[in-house]
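Report on the structure given below.
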Amino acid sequence: MKPHSLRYTLIFAALAVLTLLGGGIWILSGHSPAVWTAAAPKEAKSPAALPGPQTVQSVLPEITPPPASEALSQRVTEYHIDVQLLEDTETLTATETMTWTHPGKKPVQELYFHLYPNAFASGNTTFMKESGGTLRGDSMPAGGFGSLTLTDLRTSEGVSLMQRTQYVQPDDGNVQDTTLLKVHLPQPVNSGESVTLKLKFEVKLPKIFARMGTAGNFVMAGQWFPKISVYEPAGTRGLREEGWNLHQYHGTSEFYSDFGIYNVTISVPSRYTVAATGFPVKNAKLAGDRKIYQFYADDVHDFAWAASPDFIVAEKAFSAPQVPGVRIKLYLDPLHKDLQERYFQAAEAALTAFSKWYGPYPYSTLSIVVPPESGNGAGGMEYPTLITAFGAAEASPGTTLERTVIHEIGHQFFYGMVASNEFEEAWLDESFTSYAEDRLMEQEYGVASSLPLQSSLVTSAQPLKLATWKYSGDEAYTRNVYIRGKLVLKDIERLTGTKNMDAILAAYARKYRFKHPTTADFQKVVEKVTKQSWQTYFDQYVYGGGAPDFAVDDISLSVKRSSEGDGLQYDAVVDVSNQGSHYADVPVKFTFSDGYTVQQYWNGAGKSTTFELSYKAPLVSAEVDPEHSILLESKHLNNFRMAELEYSKLSRWTVSITTLLETLLGTLVW
């Protein structure tokens with residue numbers, strides 16, 4: 001998911017203030033269809049003998065199996081869903097048949113389902129309490145609540161499980177939160193067996209402010225159906241004991257699911273057009289005043305769809321050396337009907353580059369949904385084979401249009417295929433995607449991010465491997481997971497070289513394709529490619545919230561007659577320290593009164609060092625990391641010192657400007 005971009009006009013105005021400091025206190029320079037699994041898993045023991053009422057089950061939608069191809073993932077789950085959009089009541093009514101295959105070894109008698117729409121059921125849910133009813137600057141409209149009601153739950157033999165359910169809140173104990181449901185099964189599911197449940201549910205769609213809901217006649221169905229949690233066998237993500245990965249829906253968290261098969265029939269009013277994950281099995285057909293769509297997707301871990309009567313639809317077939325053939329589909333808000341070429345160009349650039357860098361895009365479709373301005377809360381979000389751009393607010397947007405499309409397509413790789421746990425290690429998705437986004441924006445559009453400026457926003461460095469709700473607020477989450485994590489990757493690139501970094505990311509993305517990797521897995525790839533240990537670095541800057549903090553502490557000057565007798569010799573003793581985490585090869589620049597400059601390096605040993613210089617002209621200033629190449633440092637004011645200006649005076653003079661700048665920048669990032 002992409003946060004709002006910086007408003008560069010205001011930032012440059014702020015930077016102009018910095019130039020008043022003189023002498024350089026801080027100068028910023030700036031997814032293809034596949035057949036059903038060949039060998040069907042064993043069925044779990046039948047509970048049919050158990051007493052219980054029988055019911056007539058909804059008929060599953062018919063499907064013509066797609067042509068055979070190799071399964072790309074383990075396909076732990078299989079969903080058949082039939083959903084109707086009831087426009088007048090802004091409600092979804094649906095039936096779902098879910099089959100889960102036990103990937104572990106221990107018998108399992110409880111299943112867990114995420115009921116994400118319940119995050120918007122009241123102001124007392126965990127999501128609403130943590131977010132305050134806002135996300136990325138969008139707020140819940142008055143009366144905008146929504147929820148999911150499970151109306152029936154049965155085994156494949158018709159045994160009701162409704163009295164065997166319980167809402168659980170493993171993260172915070174908030175009994176008002178109903179986003180995670182436990183289901184106790186009549187019989188255990190053993191290793192390799194499968195179990196099938198039949199569900200009926202209704203979703204009262206919320207008003208959009210956070211990813212899903214309605215805005216006028218625009219509908220975004222994201223995280224809309226009961227979705228089974230991930231059961232992790234021992235060894236998955238380094239776990240010693242197998243078990244369910246269970247978390248509620250938090251204000252800053254995104255998602256984590258297993259790969260599988262989706263067969264979804266969507267019924268909407270006849271005037272609506274639907275965009276969805278996967279590809280249409282057949283053309284939409286009219287049935288009275290309804291239009292029926294049927295979509296199929298495999299080797300994906302989620303299914304999302306959007307609908308509107310206003311979509312302007314455009315399609316384009318695209319192929320490239322690492323992209324065998326993709327149909328790019330645009331579902332544009334009318335305001336952006338004339339911007340088709342820009343969307344196509346950005347999508348083609350992203351598919352081409354990311355497939356080359358991180359492995360071929362394996363799916364046959366990619367859909368781009370552009371919401372209306374009023375549905376902006378659903379914008380800038382990634383789902384398998386479907387992304388949303390930001391809401392259409394202006395007819396001639398800047399390169400934020402391209403940047404958002406590129407970022408979200410990046411997530412098809414770092415999220416869609418490299419499916420890490422976004423509850424617990426969000427940086428493996430957001431930081432990696434942001435890194436790829438920056439590289440491609442500069443390559444294709446000549447737009448380079450001001451990384452030193454972005455580093456200055458990380459005023460509270462925290463470990464990157466934190467559960468999202470454990471950061472000290474949503475701002476700290478955003479600035480660490482989106483910015484600091486990206487800067488760590490850029491720093492690894494600086495230390496290893498661009499070619500090695502390319503090899504690292506290519507190896508990581510290919511090795512963990514259709515898997516659930518961890519930070520430790522990424523570290524192992526870094527170490528394998530570079531043939532050296534990175535444990536200390538990861539301990540400081542990834543597993544820890546480390547950041548260097550360089551300072552020029554003192555400059556002592558003296559003058560004497562030159563030993564050659566032809567003038568004066570000016571000596572300087574400069575004390576430099578690192579008040580933060582260890583960092584080696586630190587450049588220090590010295591400037592003399594006649595304009596001569598010299599740069600020396602500190603190996604970073606210890607907490608401080610001293611430089612002694614002699615020259616025919618007086619030393620004017622000393623500055624640590626003058627090019628701001630060490631991106632993990634966020635505090636730069638103490639990096640520079642004038643030789644003849646008392647530091648206390650310098651500090652007093654700049655403190656008000658510093659406070660003003662930090663306040664200004666704090667309002668520009670979400």
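Since we're looking at a predicted model, the values are computed, not measured.
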message: Donor-acceptor check, side chain of Ser581 to backbone of Ala547, threshold 3.5 angstrom: yes or no?
response: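 Yes, the answer is positive, given that a donor and an acceptor are paired below the 3.5 Å cut-off.
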
- prompt: For Gln599 and Tyr601, does a side-chain donor sit closer than 3.5 Å to a side-chain acceptor?
  reply: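 A pair is found: one side chain offers a donor N or O, the other an acceptor, under 3.5 Å apart.
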
- request: State, without any angle test, whether Thr519 and Trp427 hold a side-chain donor-acceptor pair at a distance under 3.5 Å.
  value: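 Per modelled atom types, Thr519 and Trp427 side chains form a pair under 3.5 Å.
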
task: Using ring pair (Phe, Tyr, Trp, His ring centres under 6.0 Å) as the criterion, list what pairs up with Tyr570, not counting sequence neighbours.
output: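 Partners of Tyr570 by the ring pair (Phe, Tyr, Trp, His ring centres under 6.0 Å) criterion come out as none, since no residue qualifies.
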
message: Phe432 and ring-ring contact (aromatic ring centres under 6.0 Å, His included): which single residue from Tyr508, Phe413, Tyr482, Trp357 fits?
response: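 When ring-ring contact (aromatic ring centres under 6.0 Å, His included) is applied between Phe432 and each of Tyr508, Phe413, Tyr482, Trp357, only Tyr508 qualifies.
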
- prompt: Only one of Tyr256, Phe255, Trp469 forms a ring-ring contact (aromatic ring centres under 6.0 Å, His included) with His247, so which one is it?
  reply: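 Option passing the ring-ring contact (aromatic ring centres under 6.0 Å, His included) with His247: Trp469.
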
query: Is a salt bridge present between Arg479 and Asp474, judged by a nitrogen-to-oxygen distance below 4.0 Å?
result: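 Salt bridge absent between Arg479 and Asp474.
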
- prompt: Is Lys499 atom NZ crowded by more than 12 heavy atoms from other residues, nucleotides or ligands, each under 6.0 Å away?
  reply: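 No - once you tally the heavy atoms of other residues, nucleotides and ligands closer than 6.0 Å, there are 12 at most.
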
message: Can you confirm whether more than 12 heavy atoms, excluding those of Lys524, are under 6.0 Å from its NZ atom?
response: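 Counting neighbours around NZ of Lys524, 12 or fewer heavy atoms of other residues, nucleotides or ligands fall under 6.0 Å, so no.
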
Aromatic ring pairing Tyr537/Tyr541, orientation class (parallel under 30°, perpendicular over 60°, tilted between):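 Tilted: the ring planes of Tyr537 and Tyr541 meet at 30° to 60°.
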
message: Checking side-chain contact (heavy atoms from CB on, under 4.5 Å) between Glu402 and each of Thr399, Val405, Thr404, which is the one that passes?
response: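 The side-chain contact (heavy atoms from CB on, under 4.5 Å) with Glu402 is passed solely by Thr399 among Thr399, Val405, Thr404.
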
- request: Evaluate the criterion salt bridge (charged side-chain N to carboxylate O under 4.0 Å, His left out) for residue pair Glu424 and Arg237; output intermediate values, then yes/no.
  value: CA-CA 11 Å; Glu424 300 175 9; Arg237 301 192 310 112; 3.2 Å; yes

message: As a test of understanding, state which of Glu493, Glu430, Lys486 forms a side chain to side chain donor-acceptor pair (under 3.5 Å) with Tyr435.
response: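 Considering Glu493, Glu430, Lys486, a side chain to side chain donor-acceptor pair (under 3.5 Å) with Tyr435 is found only for Glu493.
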
task: Decide salt bridge (charged side-chain N to carboxylate O under 4.0 Å, His left out) for Glu254 and Arg211; before the verdict, give the C-alpha distance in whole Å, the side-chain angles of both, and the deciding distance to 0.1 Å.
output: CA-CA 10 Å; Glu254 294 192 29; Arg211 303 187 180 96; 3.7 Å; yes

task: Would you check if the distance from the ring center of Phe414 to the ring center of Tyr358 is below 6.0 Å?
output: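 That pair passes the under 6.0 Å test.
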
